[in-house]
Chemist: 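Let me begin by handing over the structure; questions about it come next.
Side-chain atoms are counted along with the backbone in the values below, which use heavy atoms only and exclude waters and symmetry mates.
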Amino acid sequence: MCRAQGCYSLSNMRTNEEMARLQAAVSALGDLDVSAWPEAALKDQLGQLSAALVALDALLTRVADDVRARGLRIEEPVSA
């Protein structure tokens, strides 16, 4: 599909959708404030929270390793 800004393939559309989903996940995690959870709720959810954090760590590591394997660097954005 071509537009005034350039041509977009299905692959690019999928990549854009994946990036949008990644940004949504970042936003959702940014909204998470376990410091506001009651102690009992935190203890009750600790197993699920731990499993989710371990899974996220593994997935983020895999993505970062895949980027680095292609010879690219992951850099922290410079604030304006």
Side-chain angles (χ1 to χ4, degrees):
M1 165 184 296
C2 289
R3 298 185 181 170
Q5 298 89 0
C7 292
Y8 297 93
S9 68
L10 265 107
S11 176
N12 284 342
M13 289 172 54
R14 180 173 178 209
T15 301
N16 291 340
E17 290 170 4
E18 290 169 341
M19 288 304 299
R21 289 177 35 217
L22 181 58
Q23 289 299 327
V26 168
S27 179
L29 285 171
D31 293 340
L32 183 63
D33 182 9
V34 296
S35 67
W37 292 7
E39 190 74 16
L42 182 56
K43 286 181 180 179
D44 187 47
Q45 297 295 319
L46 191 55
Q48 285 183 293
L49 180 61
S50 295
L53 291 172
V54 168
L56 281 169
D57 182 58
L59 292 169
L60 289 171
T61 298
R62 180 189 56 83
V63 171
D65 288 347
D66 289 351
V67 169
R68 290 184 188 108
R70 295 184 69 173
L72 301 169
R73 291 180 45 162
I74 297 172
E75 298 180 13
E76 191 170 332
V78 177
S79 58

Chemist: When clusters are formed by joining ILVMFWY residues with side-chain heavy atoms under 4.5 Å apart, either directly or through shared neighbours, do Leu72 and Ile74 land in the same one?
Modeler: yes
Chemist: Using 0.5 Å steps for rounding, measure from the CH2 atom of Trp37 to the CG atom of Leu49.
Modeler: 5.5 Å
Chemist: Can you tell me how far CZ of Arg68 sits from OG1 of Thr61, rounded to the nearest 0.5 angstrom?
Modeler: 8.0 Å
Chemist: Is the closest side-chain heavy-atom distance between Leu29 and Leu56 below 4.5 Å?
Modeler: yes
Chemist: Using a strict cut-off of less than 4.0 Å between a Lys/Arg side-chain nitrogen and an Asp/Glu carboxylate oxygen, indicate whether Asp66 and Arg70 qualify as a salt bridge.
Modeler: no
Chemist: Quick test of your reading of the model: are Glu17 and Arg21 salt-bridged, counting only N-O distances below 4.0 Å?
Modeler: no
Chemist: Would you check if Arg62 and Leu59 make a side-chain contact, meaning some heavy-atom pair closer than 4.5 Å?
Modeler: yes
Chemist: Answer with yes or no whether the hydrophobic clustering places Leu42 together with Leu53; edges join I, L, V, M, F, W, Y residues whose side-chain heavy atoms lie under 4.5 Å apart.
Modeler: yes
